[in-house]
Amino acid sequence: MAIQCLILGAGQEVGKSCVVAMIGGKKIMFDCGMHMGFSDHRAFPDFSLLSSNDISCVVITHFHLDHIGALPYFTEVCGYNGPIYMTYPTKALAPLMLEDYRKILVDRRGLEEQYTYENIIHCMNKVIPIDIKQTIQVDKDLQIRAYYAGHVLGAAMIYAQVGEEKMLYTGDYNMTPDRHLGAAQIDRLSLDLLITESTYATTVRDSKYSREREFLKAVHTCVAAGGKVLIPTFALGRAQELCILLDDYWERMNINVPIYFSAGLTIQANMYYKMLIGWTSQKIKDSYTVRNPFDFKHVCPFERSMINLPGPCVLFATPGMISGGFSLEVFKQWAPSDKNLIAIPGYCVAGTIGHKLMSGKPTRIDLDKDTLIDVRCQIHQLTFSPHTDSKGIMDLVEFLSPKHVILVHGEKPKMAALKQRIESELGIQCEYPANNETVLVPTTQSLKISASKTFVRNCTTELDGDERIAEGILVMEKGHNAKIVSEEEFLETIGAERNVVSFTGWMSPLAQ
Amino acid sequence: MSKYRDASYQLRLLCTVPPSRSLLTCSASPLSSLMEEEGSLVQPLTTTCNPNPLFQFDLTSLSSAQALLLNPSTSIDTIHSTVDSLLLSLPHLSTNATSLSLALSVLAQSAPRHPSLSQSIVSSVRSLINGQDRTSSAVLSALLSIATSCHNEDGSSILTSILDEDLVLSLASSGVYKIRSRILRLLVFVVGRWKCSGKFLTDEVMVRVFLRFTGDIYPILRRDAIDGLCEFLTVARDGVDFCVPECCLERAIGLIGDDDEFVRVAAVRMVGLCGEMLGEKENGVDKIGQMDTIFTQICSMARDMSVKVRIEAFNALGKVKLVSDAVLMQSLSKKILGSKNGGKSIIKLDKASKPCAAGAYIHGIEDEFYVVRKSACRSLGIHAVMSIKFADDSINYLMDLMNDDSESVRLEALDSLFRMTAQGCLNVQEKHMHMFLGLLTDMSSLVRHGARKILQLMKLPKLEIFKSTVNELIANLEKYPEEEEGIFFSLFSLGKNHREFSLNVAKDLAKQIKRTSKGDLTFAKPSMAATLVVCIASPLSENENVPDTPVVLFSYAVPLLGRISRALQGTFDQHFLLTFLLDHSNIKWKSQDLMPEIASKGISEDLMQSVIKFISKSVGDAWSLIKGSNGNDAEKFLRSCMKELEIISLNASQAAITTLDFFSKYIQILQLISKIQCKFDSRNSTTFHIKSHHILLEKLDSALRKIRYSFTGWTKEVECHILELSLLVDVFTFSLARIPSNEHLKNLLSKISHLEAISCLSDFTKEIKRLIEERSSVMVNLHSLLKVFECSGLEFVREMKPIKAELKVVGDDSENPLTFVPGLPAGIRLWITLHNTSSTDRLWLHMSVRGRRPQYVFLDLSNFEGSEEVRKCSSLIPFYKTPKIASFEIRVCIVIECLSEHYEVLKERDGPKYDVTELSVEKLVYFSSVKSR
């Protein structure tokens with residue numbers, strides 16, 4: 001028996017996560033994402049490699065576009081009709097993300113849309129929401145269960161089981177809690193296969209406290225000197241985490257500088273956070289009894305006209321990575337002043353302005369052939385990341401101790417290094433296939449064996465010191481179930497008698 | 001009670017059913033029926049019945065037996081008979097396991113209520129223990145509940161009496177889960193009381209049994225077995241051979257990877273315990289190596305998915321001592337540390353163990369659950385105290401934890417830092433100070449307190465840091481003035497610990513004082529007081545730096561005596577402090593000015609007197625400021641005097657309070673005079689606001705009236721002084737009026753003649769008299785008049801008694817107002833207490849409703865009971881003019897008529913003829929109309 005894994009996306013790259021696993025004859029699609037770096041056919045996984053009717057179910061781990069972006073295309077255009085599972089927050093937030101992206105694609109970049117608004121709505125209507133640790137019986141044989149993954153609101157790791165074959169697809173996860181989300185949590189499962197992300201396959205991050213301290217210090221010094229701080233983030237996740245951090249700090253240090261959220265998606269996202277408080281960290285849940293921690297005290301909405309107002313402020317603007325939209329607009333205005341600060345939290349995809357800023361400080365950026373931006377502002381790079389680091393991956397692999405590991409969602413050379421470590425330190429077989437490759441993972445099969453009464457009795461009575469050793473004979477006959485019997489019974493069945501051969505040795509004392 | 005009665009009544013009813021058949025012969029007969037006449041009818045059961053397989057208990061009779069046994073009013077005889085019947089029937093029940101276990105549970109329940117029966121119950125059930133599986137498990141559970149319900153050692157001695165090694169071993173190896181679990185629980189119970197009872201198992205066998213159970217298939221038994229071992233190790237701590245903890249350790253390490261959460265928790269706890277014990281024992285093994293292994297093993301559990309395991313793991317980490325630096329350092333770094341920096345001194349660790357320890361503490365302090373973070377923080381602190389290298393690194397994390405969102409974690413981190421400071425292994429760096437000093441303005445007072453506690457012991461490396469710390473403490477003081485005591489003490493300790501730095505600060509301060517003109521420095525500013533505390537700390541505590549510390553600082557510290565000595569309570573006696581400051585200041589004083597020897601704690605009467613004397617002197621000094629037209633300085637000076645008085649009066653005796661009260665009233669007068677004088681000065685140059693002068697003069701006048709009529713028992717000197725003051729007021733009024741009325745003049749003259757009468761004519765009075773006689777303008781000579789005014793009488797302020805009154809309104813508060821019918825008089829029941837009033841005093845009750853004319857009621861002192869010192873009276877006072885509104889409030893207070901005021905003003909038709917001054921605090925009386933109720 002084996003689990004067959006087809007990597008449709010995120011193989012040796014970050015983007016368009018999509019893995020189709022055939023376990024016990026059932027095909028499950030984990031995630032159905034798109035690649036943000038491409039706008040042609042490469043943006044979506046190559047669905048032509050499978051027939052959509054073979055798939056038993058689609059499970060989405062979280063609402064990031066590189067995990068869900070291709071779902072409406074798959075269901076509405078490719079015609080997949082089976083069940084789709086995702087957690088409640090993902091179901092709530094996914095349509096916002098999808099629609100937002102579709103708008104940007106069509107309205108701003110003037111590209112052809114791959115699916116319409118109606119497609120999104122129609123697709124989301126098919127979704128079956130699941131809860132953490134809720135076991136879903138997809139069909140007679142296939143069970144799936146979601147575990148808390150941290151990362152973003154509603155992120156889940158998906159456990160799937162058919163018969164004796166078990167596997168876990170982690171999606172993106174975080175092993176260290178942050179200010180608003182908890183750490184990933186999982187039970188001890190004896191897995192045949194673990195498919196884990198490996199964004200930070202070789203990075204070991206130091207304590208988050210020092211990162212927080214540096215960030216706060218940078219922001220505080222900037223606003224104290226009258227500068228403006230731009231924090232380009234995606235609407236969900238980092239924005240809330242950093243905001244909690246800043247709001248707390250503002251409160252404690254009694255600072256009166258306004259913190260702005262660029263209107264629209266972020267405000268709406270905060271509303272969802274307020275509602276989905278059960279999916280946040282323990283601390284937020286505890287303090288919820290007193291007040292909703294997402295009702296920020298120092299935060300107010302931002303108007304476009306306020307960009308050039310004098311005086312210090314902190315602004316959270318979408319999208320992250322300064323890949324366009326409002327954050328780019330603000331960046332153009334603020335970058336030329338050396339008083340201002342751009343704080344870039346987390347990972348930036350190559351090709352975005354964020355990436356350029358992070359990889360060495362440029363003095364000017366050519367936006368297009370007509371637009372040049374002078375960059376004189378300070379740049380603070382934050383290593384806040386909702387992904388686990390290599391220590392976290394190793395810890396999870398060690399905790400679960402599966403028989404096989406497949407790495408996805410990472411960069412090839414780093415994945416190779418991690419594979420090396422997993423194989424040498426933990427002795428677990430590990431692979432990191434490229435896109436559209438198929439991996440066969442052998443699984444062990446267990447067999448039910450019945451035991452005879454005499455054997456069981458012998459087991460409980462024949463005790464040998466601290467060890468319990470029971471001796472028996474395994475009988476496997478064609479057409480019958482395997483059975484374990486005691487020696488006497490066996491002799492009886494085959495009608496043989498017990499013969500004892502004893503040897504007597506003699507040794508001469510002189511034979512030394 | 002009634003419930004209980006019902007129950008016993010029902011029982012009686014049950015008991016009244018006539019006996020028909022023997023208990024066991026028929027299943028239908030209720031046991032209770034046998035108990036009608038308690039005791040006599042209960043037959044020994046075996047005598048009446050054969051061991052017939054047919055007979056059995058039915059549930060009804062069992063429950064009746066239970067009711068009888070549990071009912072507190074059942075007689076002893078009945079209980080004995082019931083128990084005997086049950087016991088006798090037990091062997092016959094052995095075939096019916098259900099009935100047997102029920103009967104046993106009834107017996108077990110009754111045992112704690114009747115301890116005398118326990119032994120007999122236990123010995124009779126002993127024989128059943130080897131029976132069927134279900135029987136023996138029922139017996140064991142009965143034994144367990146009997147044993148646990150017994151007091152003290154009885155429980156285990158009962159068990160000791162019936163258990164022996166063979167029995168225990170055979171039960172422990174039973175194939176039935178229930179039997180195993182119960183014998184295990186019995187053993188765990190016994191081992192907890194191992195020392196105080198006889199042993200039926202040797203230590204070795206006991207440990208072996210437990211060890212065997214740790215491999216049981218049921219997780220709950222594994223957990224219980226580990227708990228038992230832990231119990232054994234704790235109880236027999238010193239008595240055990242070191243191979244026992246070693247053996248336990250080995251087994252526990254094997255179990256920390258268990259699938260069951262609770263087993264892991266118990267296993268981790270045991271690893272910690274064994275580590276602790278092995279660390280204490282001398283056993284010739286390479287101890288550091290062993291401890292390292294244990295430490296890393298526990299570290300590997302720091303990443304467990306269960307919160308409970310993680311908490312236990314960090315608790316256990318704190319117990320393991322003697323860990324090598326290399327491993328400790330590894331636990332602070334997620335990256336695997338190379339051995340390049342250690343050389344030979346680093347013990348070689350086996351390859352697997354090092355990654356386990358990696359970053360354990362980092363994970364701990366980053367944990368999602370604050371309980372884990374707290375526990376990690378505590379154990380981090382424990383290790384930091386023991387290893388300097390580790391301390392240097394861990395301080396980074398402990399300081400970072402000051403940014404934690406949970407207050408209890410911050411407090412725990414502060415606690416760890418405090419312990420490190422106390423042990424002298426806190427090596428603060430500049431980068432930490434920003435975060436740390438931020439704590440002094442934290443929102444939580446506990447955090448602020450914790451931070452100050454650390455500062456008291458901290459050794460600061462640089463002058464800049466020292467200065468910024470002092471500034472931050474001052475910021476703390478400005479933001480939270482209520483914490484002055486603690487802040488002053490921290491400043492004092494800080495100054496004491498950093499002699500050089502504080503000397504530096506002292507010199508700066510002295511320069512600053514020199515630069516500013518005399519009297520410009522404000523004591524009211526908290527920062528000044530705080531800096532002075534830092535400066536005098538090291539000379540005061542060790543008599544060092546005394547010659548170097550500028551003298552002026554000591555004299556500036558004298559007026560702050562009250563505040564400083566409160567902060568240093570328990571360290572320095574206030575008297576010592578005062579003597580010290582005066583000795584080193586440039587204030588001239590004689591030691592007999594202050595009382596000679598005082599050793600009593602707190603502020604003694606003598607000390608109080610000397611303080612008062614000192615204050616009266618300072619007040620005298622204020623006059624010179626007023627005369628010198630230094631109005632602003634005088635005002636600041638008086639304000640700080642006022643503050644001092646407030647602080648001193650907190651500790652003062654009743655007699656001293658009167659004097660202090662006098663002084664505070666006196667200072668108020670001085671403040672007003674100083675203000676008026678300022679106005680008069682400015683009047684010469686600018687336009688003059690006659691209205692504001694009149695207001696001030698009016699205030700001054702009423703303040704003087706108050707001081708004159710609030711005290712009795714004046715000395716001549718004081719009386720003269722007060723009269724002179726009122727003369728001064730008249731002079732002010734006189735000069736303000738430009739064309740003084742005859743009324744004023746008459747008033748002035750009468751006062752002068754009064755002064756003449758008591759033969760107390762000062763230069764000031766004489767001068768006024770001369771001026772009036774010469775008919776020259778007082779105004780012109782105001783300055784010269786002021787110059788001759790002397791303040792001398794205050795030294796004689798002694799033996800004064802306060803004239804005061806207390807008012808209590810009966811049955812009224814804002815929640816439950818009195819009722820009234822609008823337009824009709826309403827009565828107010830009042831309790832009045834008067835102190836030190838003479839029979840010639842005219843007292844009135846002043847009642848007023850906002851915006852209306854007040855109503856006065858004369859208080860006839862003859863209606864009061866008691867002597868001059870205290871008079872008491874309760875009376876119903878009518879209030880006539882109730883307004884026609886739904887509710888209102890009346891302000892009530894007692895006033896005294898100032899009879900010696902020489903001009904008569906008709907204030908009210910039915911009220912006092914002279915000016916009045918208040919004797920009591922104003923009370924509010926609430927009324928609501930009957931209709932609105």
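Order of the sequence lines fixes the chain letters, A, B, ..., with proteins taken first and strands second; residue numbering starts at 1 for each chain.
Under the 6.0 Å cut-off for aromatic ring centres, Y209(A) and Y397(B) do not qualify, their centroids lying 6.0 Å or more apart.
With salt bridges taken as basic N to acidic carboxylate O contacts below 4.0 Å, none links D389(A) and K335(B).
Here N292(A) pairs with K274(A), I277(A), Y288(A), F294(A), D295(A) under the side-chain contact (heavy atoms from CB on, under 4.5 Å) rule; sequence neighbours left out. Every residue meeting the ring pair (Phe, Tyr, Trp, His ring centres under 6.0 Å) condition with H151(A), not counting sequence neighbours, appears here in chain and number order: H62(A), H64(A), H387(A).
Under a 3.5 Å cut-off, the side chain of Y148(A) and the backbone N or O of G182(A) do form a donor-acceptor pair.
For the set M399(B), K334(B), E366(B), the count of heavy-atom pairs under 4.5 angstrom toward chain A peaks at E366(B). Of the listed residues N396(B), D304(B), I365(B), the one with more heavy-atom pairs under 4.5 angstrom with chain A than any other is I365(B). When each of L245(A), I186(A), T176(A), L181(A) is checked for heavy-atom pairs under 4.5 Å with chain B, I186(A) comes out on top.
Using cut-offs of 30° and 60° on the angle between ring planes, the pair Y177(B) and Y218(B) is tilted.
Neither the backbone nor the side chain of D187(A) comes within contact range of chain B; no heavy atom of the residue lies under 4.5 Å from a heavy atom of that chain. Within the 4.5 angstrom heavy-atom criterion, no atom of M394(A) approaches chain B. Contact annotation for I244(A): neither backbone nor side-chain heavy atoms come within less than 4.5 Å of a heavy atom of chain B. Neither the backbone nor the side chain of D260(B) comes within contact range of chain A; no heavy atom of the residue lies under 4.5 Å from a heavy atom of that chain.
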